[in-house]
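Let me begin by presenting the structure, written as structure tokens, before commenting on it.
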Amino acid sequence: MPSGPGNTYDLTGNAKPVALAYSPTDRNIWFITADAKIGRFAPRSPYESKVFEPIYSGKKAEDLVLWDQAVWTYIHDDTAGHALACTSDGRYALHSSGQAAATRAMALGSDSAGARRVVATLEGKGALLFIDTDGGVSYSTDYDKPLHGLTVDSSNPQEYWVSCPERHRVVRFDASRGDFDLSPIDFGAQLTPQSVALTGTGGKVLWATTPDAKIIRYDFDTKAHRTIDIPAVAQRVYGLPDGSAWFTMPTGDAVGYFAPGATDLTGTISTGKGTGPSSLAVDRDGTLWVGLAGTGQMFRVSKVQLTPVSGQGQQAVVGTPFPNPLRVKATRLDGSPVQGATITFTIKGDEARFEGDRTTDIRTTSVDGTATSTVLHAKLAGECDISAMWEEESAYTRFENITVTAAVGPADHTRYLSGAGQEALRGTEFAERLKVTVVDANGAPVPAVDVTFRVVDDDLASFDGGPIAVVPSDDTGVAASPALTAGSEAGRVRVEAWAADTSAGTVFRERIL
């Protein structure tokens with residue numbers, strides 16, 4: 001079930017997915033964790049998930065593919081690796097042993113005879129790993145240098161594109177010949193391709209991540225490449241059927257994307273602080289899902305975005321309006337604005353209110369996709385929790401760093417805090433001290449102001465033997481009287497309290513038994 005507003009859903013047992021794959025057979029998204037546990041997530045309501053306990057322990061895994069109605073992966077420890085299949089009912093089957101190495105990338109391709117097989121690159125290894133339908137493990141010829149990224153051309157499953165970071169290139173492996181091509185794509189000594197993906201809409205394009213905050217875009221038609229700056233280092237890049245390219249940025253807690261045919265970054269989407277997005281998958285409805293390895297969740301990427309435009313990072317003094325209203329912009333993933341979207345601004349807590357002392361404000365986006373709230377008023381010192389929600393699309397955003405400050409003006413009056421309505425026996429002290437808060441005209445507490453406590457009926461009670469006590473307010477504006485001692489006669493006693501240079505005070509009424 002959703003763990004918060006909008007698009008985030010908890011996985012069973014806080015499972016932290018490092019790779020995802022969609023199964024059209026059961027319409028579930030399958031995932032694998034770093035400790036080689038396989039599970040599934042139902043992308044349709046009620047977003048249930050399940051993790052299957054493995055038949056082994058102490059193993060690791062990094063990727064998976066769906067093949068022949070089963071999940072296939074390569075698990076390993078410090079001594080060996082194993083091909084592994086997991087059926088849809090959660091039954092694990094260990095197959096042939098292989099090298100003890102982590103999987104860099106995994107895909108489904110064809111061999112020289114056209115038969116399907118799993119293809120993978122292994123950390124530190126120059127040969128491709130192959131897993132056949134019986135779970136048998138074999139290897140390609142060695143490329144001499146370690147391979148990293150891997151993508152298979154959907155129009156020709158015998159054509160694998162593999163990155164070799166140390167040689168600064170991407171090379172084609174021709175499965176029909178069983179060898180690497182002699183004409184690689186060289187990117188020069190300054191670029192180090194890692195994860196790779198292909199897109200085909202509007203011309204065949206290869207995308208490659210790098211160890212820096214840059215992505216390489218190579219156009220097969222022009223045989224030219226360019227580097228594109230991105231906000232954070234990308235871990236994996238994916239080519240989607242619609243021709244868009246998406247990538248994860250775990251350290252940036254975001255995913256980014258290029259619209260079909262785009263040569264510059266189209267946009268990024270935050271997945272939330274500490275989420276560490278690791279992988280992507282598209283379900284039958286065309287919805288894009290992101291696995292969050294940092295928080296053990298799934299994140300649904302909406303087809304639209306809701307982004308704060310203004311109103312963040314502002315301050316206002318208690319009792320005054322904020323300088324700017326809140327404004328958001330509703331856009332499609334290509335950046336085009338959406339007119340007529342219903343946006344609900346919501347305030348949690350008592351720090352602020354919209355015009356009319358309301359906690360919600362409903363607005364409709366204009367032709368430029370923006371919606372603007374009514375005036376925001378500061379009520380109570382502290383950090384404001386304010387968000388905006390586009391209900392129809394479950395798009396959600398939060399406004400950051402909106403603060404109400406308790407700027408101190410001159411003392412204006414005292415506000416009752418505690419101590420009234422007590423009873424005490426004659427000649428004894430009342431149990432509680434009498435307390436007031438000194439505030440300015442806006443209701444902000446004022447420190448270091450002398451407060452006078454005076455017993456109106458001075459023959460009935462006293463402070464240290466006298467009818468008057470003067471006490472300064474503390475750092476929070478609070479002034480507490482000395483102990484109030486009942487006199488020798490029963491009756492009701494009144495005590496007045498006021499701050500220096502003010503005309504409005506507080507009256508306490510106590511009873512002597």
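A donor-acceptor contact closer than 3.5 angstrom is absent between the side chains of Ser387 and Thr346. Thr33 and Asp35 form a side-chain donor-acceptor contact under 3.5 Å, judged by distance and modelled atom types alone.
Atoms CZ and CD, from Arg104 and Gln194 in turn, are 7.0 Å apart once rounded to the nearest 0.5 Å. In this structure, OG1 on Thr8 lies 9.5 Å from CZ on Arg300, to the nearest 0.5 angstrom. One finds the CZ atom of Phe399 at 6.5 Å from the CD atom of Gln312 (value rounded to the nearest 0.5 Å).
Remark: side-chain polar atoms of Asp142 are paired, donor with acceptor, to backbone N or O of Asp144 under 3.5 angstrom. Looking at Arg217, its side chain does come within 3.5 Å of a backbone N or O of Ala262 through a donor-acceptor pair. Looking at Thr365, its side chain does come within 3.5 Å of a backbone N or O of Ala341 through a donor-acceptor pair. Ser195 contributes no side-chain N or O that, together with a main-chain N or O of Thr209, makes up a donor-acceptor pair within less than 3.5 Å. Although no hydrogens or angles enter the test, the distance criterion places no donor-acceptor pair under 3.5 Å between the side chain of Ser49 and the main chain of Leu11. With Glu400 contributing its side chain and Gly313 its backbone, the two residues share no donor-acceptor pair below 3.5 Å. Formation of a donor-acceptor pair under 3.5 Å by the Asn28 side chain with backbone atoms of Trp30 is not found in this model. The closest donor-acceptor contact from the side chain of Asp212 to the backbone of Lys214 lies at 3.5 Å or more, if one exists at all.
Between Arg44 and Asp285, at least one side-chain nitrogen of the basic residue sits less than 4.0 Å from a carboxylate oxygen of the acidic one, meeting the salt-bridge criterion. Comment: Arg172 engages Asp181 in a salt bridge, judged by a side-chain N to carboxylate O separation of less than 4.0 angstrom. Between Lys59 and Asp77 a salt bridge is recorded (basic side-chain N to carboxylate O distance below 4.0 Å). Ion pair Asp153/Lys204 flagged as a salt bridge, since at least one NZ, NE, NH1 or NH2 atom sits closer than 4.0 Å to an Asp/Glu carboxylate oxygen.
Trp289 and Phe41 have their aromatic ring centers within a separation under 6.0 angstrom.
For CG of Asp229, the number of neighbouring non-hydrogen atoms (other residues, nucleotides, ligands) closer than 6.0 Å is greater than 12. Residue Gln69 places its CD atom among 12 or fewer non-hydrogen atoms of other residues, nucleotides or ligands, all under 6.0 Å distant.
Looking at Pro277 and Asp253, their side chains come closer than 4.5 Å, going by heavy atoms from C-beta outward. The shortest side-chain heavy-atom distance between Glu355 and His377 falls under the 4.5 Å cut-off. Using a 4.5 Å heavy-atom cutoff, the side chains of Thr275 and Phe299 are not in contact.
Here the rule is ring pair (Phe, Tyr, Trp, His ring centres under 6.0 Å) with Trp161, and of Phe220, Phe173, Trp207 only Phe220 fits it.
Because its NZ or CZ atom is both nearer than 6.0 Å to the ring centre of Tyr143 and within 45° of the ring axis, Arg167 counts as a cation-pi partner of that residue.
The salt bridge (Lys or Arg N to Asp or Glu O under 4.0 Å) pairs that include a residue from residues 79-98 are Asp89-Arg91, where partners are two or more places apart or lie in different chains.
Taking the six-membered ring where the residue is Trp, Phe345 and Phe354 present perpendicular rings, their angle passing 60° and hence far from 30°.
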